[in-house]
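Heads up: the structure comes next, in structure tokens.
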Amino acid sequence: GEGTGSLDGKPAETLRYRLEVASTVIELDCRKGDGALLEGRVPMQHATYRLEGYLAEAAPAEPPDPRERETWDSPSFVDTFVRPRS
């Protein structure tokens, strides 16, 4: 997707990429004009590389996955995994 940020206080248009390599998600913000890497994130490892002077615009929050909510709210899940053994 496309985004914006600032580099050394000047506006910077970015392209956002999300890659999955060997079950690891890597998120990249690259400068739109020349593809220069401005920020790279590996969320699973809580790791971020950021070019000095770059400030990213906050990414929009992803909507929750309704399937996950249904799983956690399911009475059968609670009965199966939370109830003590008799």
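These figures come from a predicted structure and were not determined experimentally.
Closest approach of R16 to E57, counting heavy atoms only: NH2-O, 2.9 Å. Considering every non-hydrogen atom in both C30 and G35, the closest pair reads CB-O, 3.7 Å.
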For residues 5-14, run the donor-acceptor check on the side chains, cut-off 3.5 Å, and write out each pair with its distance to 0.1 Å, sequence neighbours left out.
{"from": "T14", "atom 1": "OG1", "to": "G3", "atom 2": "O", "distance (Å)": "3.2"}

For residues 38-49, dump all side-chain donor-acceptor pairs below 3.5 Å to protein atoms at least two apart in sequence or in another chain.
{"from": "E39", "atom 1": "OE1", "to": "R50", "atom 2": "NE", "distance (Å)": "2.6"}
{"from": "E39", "atom 1": "OE1", "to": "R50", "atom 2": "NH2", "distance (Å)": "3.2"}
{"from": "E39", "atom 1": "OE2", "to": "R41", "atom 2": "NH1", "distance (Å)": "2.4"}
{"from": "R41", "atom 1": "NE", "to": "E27", "atom 2": "OE1", "distance (Å)": "3.1"}
{"from": "R41", "atom 1": "NH2", "to": "D29", "atom 2": "OD1", "distance (Å)": "3.4"}

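Following chains of ILVMFWY side-chain contacts shorter than 4.5 Å, one can reach Y54 starting from L37, so the two form part of one hydrophobic cluster.
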Stepwise side-chain contact (heavy atoms from CB on, under 4.5 Å) test for V25 and R18: CA-CA 7 Å; V25 173; R18 185 179 173 111; 3.7 Å; yes

